[in-house]
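One structure is given below, encoded as structure tokens.
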Amino acid sequence: MVWATKTVVRIVSGDLSRPGVEVAPLLLGTILTSDIGGRRVSVRVVEVEAYGGPGEDPASHAHHGMTPRNTSMFGPPGTCYIYRSYGIHWCLNVTIGPVGHAAAVLLRAGQVVAGFDVARERRLPPSGRPSLARDLARGPGRLTQALGVTGSLDGSDLLDPGNPLRLTSLDEPATEYLRGPRVGISRAADRPWRFWLPDEPTVSAYREGAVTRREGSER
DNA sequence: CATTTGATGTACT
DNA sequence: GTACATCAAATGG
């Protein structure tokens, strides 16, 4: 089955307070900037995944209600929820509305648009072989590593210009995107709540070859 | 190329 | 103990 479908949207104002996971693609094309360790890195968000609130999305960390880990998911829209993934990586989410609903959007990949050298240094593996520019923030764990993001910023406000980590350019969201099933989950895997920008090599690869590729095949 | 595996924190059964 | 919103190195064709 070919899952990806092309969707054209017109967005007047990017408002994370709007209810529902359909808000997620508003974040595509926004700029995420970190000023951490005295160094600045910015990425253009190219891939996101939406997760619902308690009781409505079995794949969401908020599904069973508030826990010590997911408390920041219950914060106001624009709050970041950062958690440790597989004991190794950090993953960054942005909460969306309505207030207290505990739905969030995982930022899955970005294109580095500033601080290239800093990002490459942070992403240098033990083997010392530098990543391709394309791969610097290609994947949720890589994205946070390139930005220098750790759990210390969990719960902070991404819409606050004074926050070391912030989202900007919300006025000019992408006008066109693709959508398909979420990656790397086993429950509710059929919901097409992953959104990404077309023709972007910095979008993360599919893990399960069976699901889909060739998003251009219909059309 | 594709597929497998090791590393390893935290939440929850 | 088991599962997990992952990644990179190792392995096989």
Side-chain angles (χ1 to χ4, degrees), chain A residues 3 21-25 27-28 32 43 45-75 79-96 101-110 112 119-155 158 179-196 201-214:
Chain A
W3 246 111
V21 300
E22 299 301 320
V23 171
L27 292 166
L28 293 173
L32 181 65
V43 304
V45 176
V46 301
E47 178 186 356
V48 300
E49 264 177 14
Y51 288 86
E56 69 177 13
D57 180 10
S60 171
H61 287 177
H63 185 55
H64 299 292
M66 192 184 291
T67 68
R69 177 175 66 166
N70 70 16
T71 300
S72 53
M73 287 185 78
F74 292 80
T79 303
C80 68
Y81 164 50
I82 304 173
Y83 71 95
R84 186 77 89 160
S85 174
Y86 289 89
I88 303 166
H89 309 286
W90 295 101
C91 288
L92 169 65
N93 297 252
V94 186
T95 64
I96 56 179
H101 181 64
V105 178
L106 171 67
L107 304 185
R108 281 195 57 90
V112 175
R120 188 171 52 185
E121 183 183 326
R122 286 177 175 150
R123 288 270 300 116
L124 204 58
S127 66
R129 194 167 63 84
S131 300
L132 300 173
R134 185 192 70 176
D135 293 333
L136 285 174
R138 190 178 189 231
R142 293 164 168 176
L143 178 96
T144 55
Q145 190 180 359
L147 290 165
V149 166
T150 69
S152 64
L153 291 174
D154 179 43
L158 295 176
R179 74 184 294 169
R182 296 177 288 187
V183 177
I185 59 171
S186 53
R187 293 165 299 192
D190 56 326
R191 298 187 191 182
W193 287 358
R194 173 179 181 244
F195 305 89
W196 66 97
T202 50
V203 168
S204 72
Y206 279 92
R207 178 147 311 223
E208 324 225 318
V211 180
T212 166
R213 262 157 226 264
R214 44 186 80 93

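Since the structure is predicted, the reported quantities are computational estimates derived from the model, not experimental observations. The figures here come from the full heavy-atom set of this structure, side chains too, leaving out hydrogens, waters and symmetry mates. Residue numbering restarts at 1 for every chain, and letters A, B, ... go by the order of the sequence lines.
Taking atom CG on A/L132 and atom P on C/dC7, their separation rounds to 15 Å, with Å as the unit. Look at CZ on A/R108: it is 12 Å from C1' on C/dC7, rounded to the nearest Å. Following rounding to the nearest Å, A/Q145 (CD) and B/dA7 (P) show an atom-to-atom distance of 18 Å. In this structure, A/H63 places its NE2 atom 13 Å from C1' of B/dC12, rounding to the nearest Å. The nearest whole Å value for the distance from the CZ atom in A/R134 to the C1' atom in C/dC7 is 15 Å. For the pair A/D135 CG and C/dT6 P, the computed distance is 16 Å after rounding to whole Å. Computed from coordinates, the A/L106 CG to C/dC4 P distance equals 16 Å when rounded to whole Å. With rounding to whole Å, A/E47 atom CD is found 10 Å from C/dT6 atom P.
Looking at heavy-atom distances under 4.0 Å, A/R182 makes no contact with the nucleic acid at all.
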Subject >> Verdict with supporting geometry, A/R194 and A/S204, side chain to side chain contact (heavy atoms under 4.5 Å, CB included) >> reply: CA-CA 11 Å; A/R194 173 179 181 244; A/S204 72; 3.7 Å; yes
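Closest approach to the A/H89 side chain among C/dC4, C/dC7, C/dA5 is made by C/dC7 (side chain taken as heavy atoms from C-beta onward). Of the listed nucleotides (C/dA5, C/dC7, C/dC4), C/dA5 has the atom at the smallest distance from the side chain of A/Y81.
A/L153 contributes atom CG, which lies 11.0 Å from atom OG1 of A/T144 (distance to the nearest 0.5 angstrom). With values rounded to the nearest 0.5 angstrom, A/L92 atom CG is found 12.5 Å from A/R108 atom CZ. In this structure, SG in A/C80 is found 6.0 Å from CG in A/D154, a value given to the nearest 0.5 Å. Atoms CZ and CZ, from A/F195 and A/R179 in turn, are 4.0 Å apart once rounded to the nearest 0.5 Å.
Remark: A/E121 engages A/R39 in a salt bridge (Lys or Arg N to Asp or Glu O under 4.0 Å) (not counting sequence neighbours). For A/A109, the side chain to side chain contact (heavy atoms under 4.5 Å, CB included) partners at least two apart in sequence or on another chain are A/V46, A/E47. Taking the side chain to side chain donor-acceptor pair (under 3.5 Å) definition, one finds that A/T202 meets it with A/E200, sequence neighbours left out.
For the residue pair A/D57 and A/G52, the shortest heavy atom distance occurs at OD2-N, 2.9 Å. Between A/D135 and A/S131 the shortest heavy-atom distance is CB-CB, 4.3 Å.
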**OP:** For DNA chain C, produce a single dot-bracket line, 5' to 3'. Pairs: Watson-Crick or G-U wobble, both distances under 3.5 Å. Symbols: ( ) within strand, [ ] crossing, | other strand, . unpaired.
**Re:** ||||.|||||||.
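Remark: A/E49 does not engage A/R182 in a salt bridge, criterion side-chain N to carboxylate O under 4.0 Å.
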Shorter than 3.5 Å, N or O on both sides, protein versus nucleotides 8-11 of chain B: list them out with atom names.
unit_1	atom_1	unit_2	atom_2	d
B/dT8	O2	A/Y86	O	2.6
B/dG9	O4'	A/G87	O	3.4

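For residues 50-61 of chain A, proximity to DNA chain C is found at A/Y51, A/A59, A/H61, defined as any non-hydrogen atom under 4.0 angstrom from a strand atom.
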